[in-house]
Asker: 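Structure below; questions to follow.
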Amino acid sequence: AAAEAAARVAAEERSAALERRAQVAEEKSVEFERREKEEKAAREAAEAKLSAAEEELASQKAAREEEKEAREAAERRLAEERESSAAEIAALKMDTEILWRRNLQN
């Protein structure tokens, strides 16, 4: 009887130890899954941040290109205006010279 009781106690202790190990394993599994989800969320957030940064960079690049094109167009208009003004000045000088010569002849 004593041997049976000792065997029963030993079996219960082994069973309790196995239950504790199973509980610890379950807790570790839950903790691993939680960390895995956090890491996945962190990766997704980092990827979203990177994507947003790439979009912002592309937007800035497009804006710089638009500014460059606008500046070049303004420079072309200014050059055209200068040429036009120079032509007008030359024509006015010529008209003035013609008028001056006519006045001298009269």
Side-chain angles (χ1 to χ4, degrees):
E4 285 179 19
R8 227 182 357 258
V9 168
E12 288 173 1
E13 289 175 354
R14 282 193 301 273
S15 177
L18 287 174
E19 285 179 23
R20 282 192 300 275
R21 281 192 227 138
Q23 184 178 359
V24 168
E26 179 64 23
E27 289 170 358
K28 286 182 179 180
S29 175
V30 168
E31 178 65 18
F32 177 80
E33 288 175 10
R34 184 190 62 77
R35 269 192 261 141
E36 198 172 52
K37 286 179 184 177
E38 287 176 356
E39 289 172 4
K40 181 181 178 186
R43 270 193 313 275
E44 289 172 353
E47 288 171 358
K49 192 173 182 180
L50 177 61
S51 178
E54 288 172 343
E55 288 175 12
E56 177 64 23
L57 184 62
S59 174
Q60 290 175 356
K61 185 178 178 182
R64 281 193 305 273
E65 187 63 29
E66 287 176 8
E67 289 172 3
K68 179 183 172 189
E69 290 173 4
R71 188 173 47 254
E72 290 172 351
E75 289 171 356
R76 284 192 300 273
R77 282 192 305 275
L78 182 59
E80 290 169 0
E81 289 174 10
R82 283 184 184 144
E83 288 176 18
S84 175
S85 295
E88 287 178 30
I89 290 169
L92 287 173
K93 283 182 179 179
M94 200 180 326
D95 290 346
T96 303
E97 189 175 323
I98 291 169
L99 289 173
W100 184 71
R101 286 186 183 167
R102 284 185 190 163
N103 281 339
L104 283 179
Q105 291 174 354
N106 292 333

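Numbers here simply count residues along the sequence, with the first being 1.
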Asker: How many angstroms lie between CZ in R102 and CD1 in I98, if you round to the nearest 0.5 Å?
Answerer: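 Rounded to the nearest 0.5 Å, the CZ-CD1 separation comes out at 6.5 Å.
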Asker: List the steps, then state whether side chain to side chain contact (heavy atoms under 4.5 Å, CB included) holds for E47 with S51.
Answerer: CA-CA 6 Å; E47 288 171 358; S51 178; over 6 Å; no
Asker: Report the distance from atom CD of E75 to atom CZ of R82, rounding to the nearest 0.5 Å.
Answerer: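 Taking CD in E75 and CZ in R82, the distance rounds to 9.0 Å.
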Asker: Between K61, K68, E66, which is the residue that forms a side chain to side chain contact (heavy atoms under 4.5 Å, CB included) with R64?
Answerer: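 Testing R64 for a side chain to side chain contact (heavy atoms under 4.5 Å, CB included) against K61, K68, E66 leaves exactly one candidate, K61.
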Asker: Just checking E4: does its CD atom have more than 12 heavy atoms from other residues, nucleotides or ligands closer to it than 6.0 angstrom?
Answerer: no
Asker: What's the spacing between W100 CH2 and Q105 CD if we round to 0.5 Å?
Answerer: 10.5 Å
Asker: Rounded to the nearest 0.5 Å, what separates atom OG1 in T96 from atom CE in M94?
Answerer: 10.5 Å
Asker: Could you state the interatomic distance from CD (E88) to CG (L92), rounded to the nearest 0.5 Å?
Answerer: 7.0 Å
Asker: Tell me, please, which residues at least two apart from E97 pass salt bridge (Lys or Arg N to Asp or Glu O under 4.0 Å).
Answerer: R101
Asker: Please determine, by modelled atom types, if E19 and Q23 share a side-chain donor-acceptor pair under 3.5 angstrom.
Answerer: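 No - no donor-acceptor pair under 3.5 Å links their side chains.
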Asker: Kindly say whether E81 contributes a backbone atom to a donor-acceptor pair with the side chain of S85 at under 3.5 angstrom?
Answerer: yes
Asker: Measure the NZ-CZ distance between K28 and R35 for me, rounded to the nearest 0.5 Å.
Answerer: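 Between atom NZ of K28 and atom CZ of R35 there are 10.0 Å.
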Asker: Is any NZ, NE, NH1 or NH2 atom of the basic residue among R34 and E31 found under 4.0 Å from an Asp or Glu carboxylate oxygen of the other?
Answerer: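 Looking at R34 and E31, the cut-off is met.
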